[in-house]
Structure formats: structure tokens, C-alpha cells
Amino acid sequence: MRKSILARLNNWIIFLLMTLVVVTIVIASTILINFLRKEEIKRVDILVSALKFQQEVTPSLEVQELILKIYSSNTTIPMVVLDREDRPMVHKNIPQEIENDPVLVTLLAKKMAKSYPPIEIKVPDGNNQFVYYDNSQILNNLRYSPYILGFFILCYFLFSFWFLRTIKKTDEGYLWAGLAKETAHQIGTPLSSMIGWMEIMKMDNPESEGIHEIERDIERLRTISERFSKIGSIPELNDLNFNETISENYDYLKTRISKKIDFSLHLPTYKILVPHNKILMSWVIENLVKNAVDAMKGEGVLHMYVFERNKNILIEVKDSGSGMTKQQARNAFKPGYSTKKRGWGLGLSLARRVIHEYHNGDIKISQTEVGKGTTFRITIKKA
């Protein structure tokens, strides 16, 4: 528990640090843009001061050259000078397509006034001039740079999260596959010995009912071993008669669960053909039924339904057990999660792997309520 809290705390610290980095970059970019905007305003003020000086006095040749250099140095900031009648007098760095249209130039100047108030230049003859200006195109583009940069950083973080999560899932997949194959190997050795002893016992008393029951359980152990051996490899989906697979599984489980459980199977009257692996599909159904039996503590109602919907075959296992909370339902298929004191939390995780990866289907908890039971639903495409 303490380790879990520390792990969550570390995740939050990393998230907050990443957020702090993004916010810092956005703030720094905003400060830089504001600085550049102020610098452009200063350049406009210098240019306007030069124009005012030119209008108020008759400058010498040297001063005129200096004023021309100041005016020519502006290669980015759009400017329009209008007289009192709103007639264009001078303009610079405006779109070429409107340069020769006085009406459009005037409209552009009025649009600039929404960003910055025009600067008035008083002229001795009373025909004062008004300098309109706006941000340079470079500065306008820079306004969006913090958001674009923040977006790319966010995408990077999301990609990193997805990548690390994918690696984790892959590692978990290899772990469960390796565990399953090792289990199959460990079961195989004593199973072979049991088969040999069974043959010897049959020679002494071939009609013994006990020997036949043990033989059935040995065959079941062989099936379980084969199930584990198929985890991690690509199984062949060469079985089609889905009714037969479900019926055989139901018949086997019905004789091995409590008589206090009303266990029933509802199958369509017609044959259902679904490409599947009989051994693995039986394992999934068995897992769901055993979970349901545990949830009912050996007493209750358990129904299994098989029906067709929108070119899919649905299998529902519905029990009247203890049900689940929302948190338990969210975690039910996670490897290692179990509500049982002695549970390993592998059954539903492996069942989901069998349905998702091997049968290209879906398995989920379609309904659950504490104290009223749970319904698991499997969805598989028809042939």
C-alpha cells in the first residue's frame, strides 16, 4: 500500500514538473513577444519623430539623408500616413495588391487603428497628418508560437506516455506467456506418469468406475496443459460448431459445481458457425463460470446465453452473486488484480487475451451491481 502511494506521488511530481516546463516556456515566449512589440513601437516613435522634424523645420541635406535612412530602415512594420481628409499620403510595407488603391489603403489604415491609436503629426499649414501602424508580420506570427510549441510538447508527452505504456504491456504479455508455457511444462511431467499408472490400473480392473472418473480428470488435466501451452503462440481457429463447444463446456461444468446453483444454458435452435479455438474458448467460459460460482459462494442462479446480434455472436454469463463496485469492474481484467484472498488475478486477464488477440473479439462486464450480481459479455464475429 505504501509503495502504491509513493508510486502515485512520483507520477504526480513528474506530471507537475512537465506542466511547469510547458507553462514556463509559454510565459517566456509571451514575455519575448511583448518585448519585441515594445521595440517595434519605439521604432515607430523614432520614425514619427523624424517625420515631425521634417515637417516643422527645413532640414539640411545631411539631416534629410538621416531621415531617409530612418524611413528606409523600416522593412517590416506596416505604416500608412493619412491627411485630415483620410487621403493616403505615404505608405510602407503593406500588401502590394492594394498599394495603388487609395480606398483600400485607407480601409487598411482604419483597421490598423484597432490595434494602435494613430500618431498625429502637426503641420504648419494646418493639414495635420496621421500615422497608422500595426505589428510586423513576423511579430503576428510569433503570437501563436507559444501555443504551437505547447501543442508539440503536449504531443511529445502523450507519445512518450503511449510508448512507455505499450512497452509495459508488451513486457506483461511476454511474462504471462512465459508463465503459461512453464506451467504447461511443469504439468506435463507428472501427467505423463499418471497416464502410465492409469494404464496399469486398468489392466487389473478395467471396469472400475473410479478408474474411469480418474481417467476423465486426467484427460481434463491434459486439456488444461494444452491450454497453457497455447498462450503466447498463435492458435489455429479451425473449430466452427460453436453450439457444440459451448454445450460440451456446459455439460462438464454442470457436474462439477454446487447442486445449490441453478445453472442453465440457453442456445439458439439453429447451428452457429464461428471460427474459434475450442480449447481456448472452453477455458474462457470456464473462467467466467468459476468466477460466478465464487461470487455466489456456491448458491444462487447462473444463466448462460448465446445469441446473435448484428452479425455477431454474443455469449453472456449472468450470476446472482455479490456484484462489483465501479472500481472493481474497471480493474477486473488487469493482470494481478483479484478480489479473492487467494486469487492470482490471472484468469480474467488471460481470458481477455484469448478473446481480444486470438479471436479478434471483445469481452467486458456489461452489467454489475453490488448485491445483485454481474453479467459478463463476449462478442465474436460470425463466420
Side-chain angles (χ1 to χ4, degrees), residues 176 180 183 213 216-217 219-221 223-224 227-228 231 242-268 272 276 278-309 313-356 359 361-380:
W176 299 131
T183 302
E213 286 298 319
R216 288 183 64 185
D217 285 331
E219 184 61 31
R220 189 66 180 174
L221 281 173
T223 301
I224 292 171
R227 288 174 179 174
F228 278 107
I231 296 294
F242 204 64
N243 301 55
E244 183 180 305
T245 298
I246 300 297
S247 296
E248 288 180 2
N249 209 233
Y250 168 76
D251 293 337
Y252 172 80
L253 292 170
K254 188 173 178 62
T255 61
R256 281 162 174 76
I257 63 175
S258 172
K259 301 298 181 182
K260 295 181 180 180
I261 293 179
D262 179 14
F263 187 21
S264 62
L265 171 64
H266 305 270
L267 277 173
I272 296 175
H276 66 283
K278 188 174 185 177
I279 293 173
L280 292 180
M281 188 58 64
S282 298
W283 187 12
V284 172
I285 300 300
E286 186 173 322
N287 262 302
L288 297 183
V289 170
K290 286 184 176 179
N291 276 334
V293 171
D294 290 339
M296 292 186 291
K297 296 180 173 57
E299 184 175 358
V301 178
L302 177 59
H303 296 307
M304 189 157 59
Y305 300 91
V306 180
F307 55 96
E308 184 178 351
R309 179 186 293 173
I313 299 300
L314 280 70
I315 309 101
E316 286 190 347
V317 178
K318 185 176 183 178
D319 66 67
S320 61
S322 56
M324 302 184 192
T325 64
K326 290 183 179 180
Q327 183 178 3
Q328 288 173 335
R330 282 196 300 267
N331 296 326
F333 293 99
K334 291 182 179 179
Y337 180 82
S338 176
T339 57
K340 306 172 192 174
K341 291 182 179 179
R342 298 183 180 180
W344 283 70
L346 297 180
L348 289 178
S349 173
L350 290 173
R352 189 174 196 175
R353 183 186 181 99
V354 168
I355 298 299
H356 276 206
H359 291 85
D362 183 45
I363 179 171
K364 64 181 180 180
I365 299 173
S366 63
Q367 187 276 332
T368 185
E369 187 176 347
V370 176
K372 293 189 177 181
T374 301
T375 301
F376 283 87
R377 176 180 292 172
I378 300 172
T379 304
I380 301 176

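These numbers come from a predicted model, not from an experiment. In what follows, every heavy atom counts, from backbone to side chain, and hydrogens, waters and symmetry copies are set aside. Positions are given from 1 along the sequence.
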For Ser320, side-chain hydrogen bond (donor to acceptor under 3.5 Å, both in side chains) partners two or more places apart: none
Considering all heavy atoms, the nearest Thr245-Ser282 contact: CG2-OG, 3.8 Å
Asp362: side-chain hydrogen bond (donor to acceptor under 3.5 Å, both in side chains) partners, not counting sequence neighbours: His356
Nearest atoms (heavy-atom pairs only) where Pro268 meets Phe307: CG-CA, 4.4 Å
Residue list, salt bridge (charged side-chain N to carboxylate O under 4.0 Å, His left out) with Lys372, at least two apart or on another chain: Glu369
Closest approach of Gly298 to Ser258 (non-hydrogen atoms, all atoms of both residues): O-OG, 2.9 Å
Approximate separation, where rounding is to 0.5 Å, of Thr375 OG1 and Tyr305 OH: 8.5 Å
Listed once per pair and sorted, the salt bridge (Lys or Arg N to Asp or Glu O under 4.0 Å) pairs that draw on residues 296-307, sequence neighbours left out: none
Partner of Ile378 under side-chain contact (heavy atoms from CB on, under 4.5 Å), chosen from Ile313, Val306, Leu314, Ile315: Ile315
Contacts of type side-chain hydrogen bond (donor to acceptor under 3.5 Å, both in side chains), residue Ser366, not counting sequence neighbours: none
Glu244: partners by salt bridge (charged side-chain N to carboxylate O under 4.0 Å, His left out), with sequence neighbours left out: Lys278
side-chain contact (heavy atoms from CB on, under 4.5 Å) between Met281 and Val354, intermediate numbers included: CA-CA 8 Å; Met281 188 58 64; Val354 168; 5.6 Å; no
Gap separating the CD1 atom of Ile246 from the CE atom of Met304, nearest 0.5 angstrom: 5.5 Å
Heavy-atom pair of closest approach, residues Asn243 and Leu267: O-CD1, 4.1 Å
By salt bridge (charged side-chain N to carboxylate O under 4.0 Å, His left out) - contacts of Arg352 (at least two apart): none
Gap between atom CD1 of Ile355 and atom CG of Leu350 - 0.5 Å precision: 12.0 Å
Inter- and intrachain pairs under salt bridge (Lys or Arg N to Asp or Glu O under 4.0 Å), touching residues 313-323, at least two apart: Glu316-Arg377
Partners meeting side chain to side chain contact (heavy atoms under 4.5 Å, CB included) with Ile365 (sequence neighbours left out): Met324, Ala329, Ala332, Phe333, Thr368, Thr374, Phe376
Parallel, tilted or perpendicular: ring planes of His276 versus Phe242, cut at 30 and 60 degrees: perpendicular
Side-chain donor/acceptor of Asn287 to backbone N/O of Trp283, under 3.5 Å: yes
Straight-line distance of Lys290 NZ to Ile257 CD1, nearest 0.5 Å: 11.0 Å
Non-neighbouring partners of Ser322 that pass side-chain hydrogen bond (donor to acceptor under 3.5 Å, both in side chains), sequence neighbours left out: none
Min side-chain heavy-atom separation Leu288-Leu348 under 4.5 Å: yes
Euclidean distance, Thr255 OG1 relative to Tyr250 OH, rounded to 0.5 Å: 10.5 Å
Inter-residue atom distance Ser247.OG - Lys254.NZ, 0.5 Å rounding: 12.5 Å
